[in-house]
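Shown next, in structure tokens, is the structure this report addresses.
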Amino acid sequence: SSTNQNNSSSKPTDWKEWLNDLVRYKDTTLIASALAENLETIYEEFNFLNGDIVVASHPKSGTTWIQNIVSLLMNDANPEKVQGQPLYLRVPWLEGKEDPECDCGYKLLETRSSPRLMKTHVYGSLVPPAMLQKAKIVYIVRNPKDVAVSYFHMHRAYQFLPYVPWDEFITELFLPGKLLYGPWHKHAIYWWEMSKSHSNILFLHYEALVKELKANVESIAAFLGKKLTADAIEKIVDESSFTSMKANSDVNYSQVSVMGHEISPFIRKGKVGDWINHFTTAQNQLFEQKFEAWMAQSDLQIDFV
Ligand code: PPS
């Protein structure tokens, strides 16, 4: 079966077959069976520590961006301290791994000392209780039209994910929530609700980072209890700009060949509103209808432009 974690498999050609291999984990989100197994191990055995710092998100929402900011903040805004270390090793993916050659994130993390940095795409309702109790969690949300576009290009490029034509990607996969970690709205809304009652969750918006990177870097610093000079903050803002990250092989995943950068680079466009270049009028109407229904009961505000 396609596990999305298997080193020897090649790009799936039939997306319907690929979809059949995903599991509806604990009746909520769709994930690959290998990820489900890892999550089970994490619930049972992983020892969360006070001081753990978690970057949480639905895929394609700006996870890597926050990982880079958090990693720099925790290394005194000194890029030299982290130079040569791939971001996916500095801030490992708790329940997965970016590089098939690597150990799964939780195994890497077990060998590290506090404060440990990690990322997760886990659903709000499936957060390990000890994580919620002990960690500081930075969640980032992004408007779902741009998430869908970014996700589409990832499926095009990534070796373990099938290419799905855009129309099917939107109507048959993204909107019905049939992608890894879907559906988007439940992910976003559950985390949003949790953030209201947990002061250890900082809830950020991709669109706000695009507009005001510095203010957001400052609020992440304050949340993590880091007092940095104005120069240090400037340094982080500079190092985490789209242009810097696109060019930095430590953070742009260019070392992970299964991601298929020659088809579509991981750090791709970094724009708010790229969806306008992808959605037809009909697709947009359908999306708007669904979005309205999803958000009817929620006060989570999402900017699309
Ligand atoms: S993943 O695979 O879930 O970890 O992907 P994730 O990192 O969440 O999302 C990838 C998108 O984030 C964009 N990105 C940025 N945008 C603006 N500024 C900076 N510095 C930045 N870094 C990453 C990246 O380009 C992907 O979005 P798209 O729209 O595809 O460009």
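Counting convention: from 1, in listed order, for ligands and their atoms alike.
For ligand 1, the atoms sitting less than 4.0 Å from at least one non-hydrogen atom of S241 are 20 (N), numbered in the order shown with element in parentheses. Interface atoms of ligand 1 facing I267, defined by a heavy-atom separation under 4.0 Å, are 22 (N), 23 (C), 25 (O). Per-residue contacts place H121 under 4.0 angstrom from the following atoms of ligand 1 (heavy atoms of the residue considered): 3 (O). Below 4.0 Å from some heavy atom of P59 lie the following atoms of ligand 1, by number and element: 3 (O).
Taking the ring centroids of F203 and W191, they lie at or beyond the 6.0 Å cut-off. In this structure, F169 has its ring center closer than 6.0 angstrom to the ring center of H155. Ring centroids of H185 and H58 are separated by 6.0 Å or more, keeping the two rings apart. Aromatic pair F279/W166: ring centres closer than 6.0 Å. Close placement of the Y181 and H121 rings is indicated, their centers lying within 6.0 Å of each other.
Taking atom 8 (O) of ligand 1 as the reference point, the nearest protein heavy-atom neighbour is T63 OG1, 2.3 Å. Counting only heavy atoms of the protein, atom 26 (C) of ligand 1 lies nearest to S150 OG, 3.7 Å. The protein heavy atom nearest to atom 7 (O) of ligand 1 is T64 OG1, 2.5 Å. Protein heavy atom nearest atom 11 (C) of ligand 1, with residue, atom name and distance: R142 NH1, 3.7 Å. In terms of protein heavy-atom proximity, atom 24 (C) of ligand 1 is nearest to F266 O, 3.8 Å. Among all non-hydrogen protein atoms, the one lying nearest atom 25 (O) of ligand 1 is R268 N, 3.2 Å.
By the criterion of a heavy-atom distance under 4.0 Å, the backbone of S61, and not its side chain, is placed next to ligand 1. At a heavy-atom cutoff of 4.0 Å, ligand 1 is contacted by no atom of S57, backbone or side chain. Heavy atoms of S244 found under 4.0 angstrom from ligand 1: none, in either backbone or side chain.
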Before giving the answer on salt bridge (charged side-chain N to carboxylate O under 4.0 Å, His left out), spell out for D274 and R268 the whole-Å C-alpha distance, their side-chain angles and the decisive distance to 0.1 Å. CA-CA 11 Å; D274 190 34; R268 192 184 60 89; 2.9 Å; yes
Check against ring-ring contact (aromatic ring centres under 6.0 Å, His included), F160 and W18: CA-CA 10 Å; F160 304 133; W18 170 82; over 10 Å; no
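Checking only distances, D146 never comes within under 3.5 Å of ligand 1, N or O to N or O. Considering both main-chain and side-chain atoms, G270 comes within under 3.5 Å of ligand 1 through a nitrogen or oxygen pair. Residue contacts with ligand 1: K60 is placed with a nitrogen or oxygen under 3.5 Å of a nitrogen or oxygen of the ligand (distance criterion only).
Within the structure, ligand 1 has M245 among the residues with a heavy atom less than 4.0 angstrom away. Within the 4.0 Å heavy-atom shell around ligand 1 one finds K119. Residue Y206 places a heavy atom under 4.0 Å from ligand 1. For the ligand labelled ligand 1, residue M154 lies inside the 4.0 Å heavy-atom shell.
Taking a 6.0 Å sphere around NZ of K290, one finds it holds 12 or fewer heavy atoms contributed by other residues, nucleotides or ligands.
The CG atom of L109 lies 9.0 Å from the SG atom of C104; values are rounded to the nearest 0.5 Å.
Between E288 and K145, at least one side-chain N (NZ, or NE/NH1/NH2) sits under 4.0 Å from a carboxylate O, which counts as a salt bridge.
Counting all heavy atoms, side chain and backbone alike, P128 lies closest to F48 at CB-CE1, 3.7 Å.
Residues L224 and K136 are in side-chain contact: their nearest non-hydrogen atoms beyond the backbone lie under 4.5 Å apart.
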